[in-house]
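Working notes, structure below.
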Amino acid sequence: MSHHIVLVGMMGAGKTTVGGRLARALDRPFVDSDVQVEQRTARTVREIFETDGEAAYRALESEVLADALASEEPAVIAAAGGTILDESNRRRMRDFGTVVFLEAKPSDLVGRVGGQDHRPLLRDDPEGVLEEMDRVRRHLYEQTADVVVDVSTRSPDEVVAEIVRLVGS
Ligand code: S3P
């Protein structure tokens, strides 16, 4: 039943960029959980955080992740950075997919996270927030992942090639 490829990792790790290219390379659909949340609610991630709060957003991201994983057609799924905080999400990813952790240190990520409206948590101290998130989440990414790919030294296409090599088609 392990048919999806699920990309996990921190904001800025390249889940969306790599996921889109990997899906094309493998001729699979690509599902990005943030995009799904925004389409389903017709609101931006920032609006949801600001009006309904983080817990409401987390419930939505869990819902879209569960739906993506339930789909019969093998897909590449970019799971938003916080999805692994939830135990059921972690179990489902492992049950229905091969989980790939795109790994990089906060200091490598900080230059890659600017400008996007779907990352309200970063506010005015991106590096501090990323460091704290890394401290809380790293072991969860590691324990959930089937494979780990260091993205700090690779271009997106090199990351795609490495995932294809490790996970196959
Ligand atoms: C978050 C990551 C974001 C988005 C939200 C919260 C997080 O997605 O879901 O801003 O808690 O790590 P990306 O990982 O796709 O940037």
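Values in this document were obtained by computation on a predicted structure and should not be read as measured data. Just so you know, ligand 1 is whichever comes first in the structure, and atom 1 is the first atom listed for that ligand. Throughout, residue positions are numbered sequentially from 1 according to the sequence presented.
- For Leu121, every heavy-atom contact with ligand 1 shorter than 4.0 Å involves the side chain, none the backbone.
- Here the CG-CZ distance, from Leu65 to Arg90, works out to 12.5 Å after rounding to the nearest 0.5 Å.
- At a 4.0 Å heavy-atom cut-off, ligand 1 touches Arg58 through the side chain alone.
- Atom CG of Asp125 sits in a crowded spot, with more than 12 heavy atoms from other residues, nucleotides or ligands closer than 6.0 Å.
- Between Glu54 and Arg58 there is a salt bridge, with a side-chain nitrogen of the basic residue lying less than 4.0 Å from a carboxylate oxygen of the acidic one.
- For the atom pair CG (Asp150) and CD (Glu162), the distance works out to 9.5 Å, reported to the nearest 0.5 Å.
- Using a 4.0 Å cut-off to heavy atoms of Tyr57, the atoms of ligand 1 that qualify are 4 (C), 9 (O).
- Atom 15 (O) of ligand 1 has as its closest protein heavy atom Asp34 OD2, 2.8 Å.
- Ion pair Arg92/Asp95 not flagged as a salt bridge, since none of the NZ, NE, NH1 or NH2 atoms sits closer than 4.0 Å to an Asp/Glu carboxylate oxygen.
- The shortest separation from a heavy atom of Arg137 to ligand 1 is under 4.0 Å, placing the residue in contact.
- If you check which protein heavy atom lies closest to atom 1 (C) of ligand 1, you get Met11 CE, 3.8 Å.
- The aromatic rings of Tyr141 and Phe101 lie parallel to each other, with less than 30° between the two planes, well short of the 60° mark.
- Residue-level proximity to ligand 1 for Glu54 is absent, since no heavy atom of it falls below 4.0 angstrom.
- Looking at heavy atoms from C-beta onward, Val37 lies out of side-chain contact with Arg43 at the 4.5 angstrom threshold.
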Chi angles and distances behind the side chain to side chain contact (heavy atoms under 4.5 Å, CB included) call for Thr41, Leu60: CA-CA 9 Å; Thr41 60; Leu60 285 165; 3.8 Å; yes
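- Under the 3.5 Å distance criterion, the side-chain polar atoms of His4 are matched with a main-chain donor or acceptor of Leu69.
- Listed by atom number, the atoms of ligand 1 under 4.0 Å from Arg119 heavy atoms are 10 (O), 16 (O).
- The atoms of ligand 1 that sit less than 4.0 Å from any heavy atom of Ala80 are 8 (O), 9 (O), 14 (O).
- The nearest protein atom to atom 10 (O) of ligand 1, hydrogens excluded, is given as His118 O, 2.5 Å; this is a heavy-atom distance.
- Close approach to Gly81 involves these atoms of ligand 1, each under 4.0 Å from a residue heavy atom: 2 (C), 8 (O), 12 (O), 13 (P), 14 (O).
- For ligand 1 and Pro120, the ligand atoms under 4.0 Å from any heavy atom of the residue are 10 (O).
- Atom numbering of ligand 1 starts at 1 in the shown order; those under 4.0 Å from a heavy atom of Gly82 are 7 (C), 11 (O), 12 (O).
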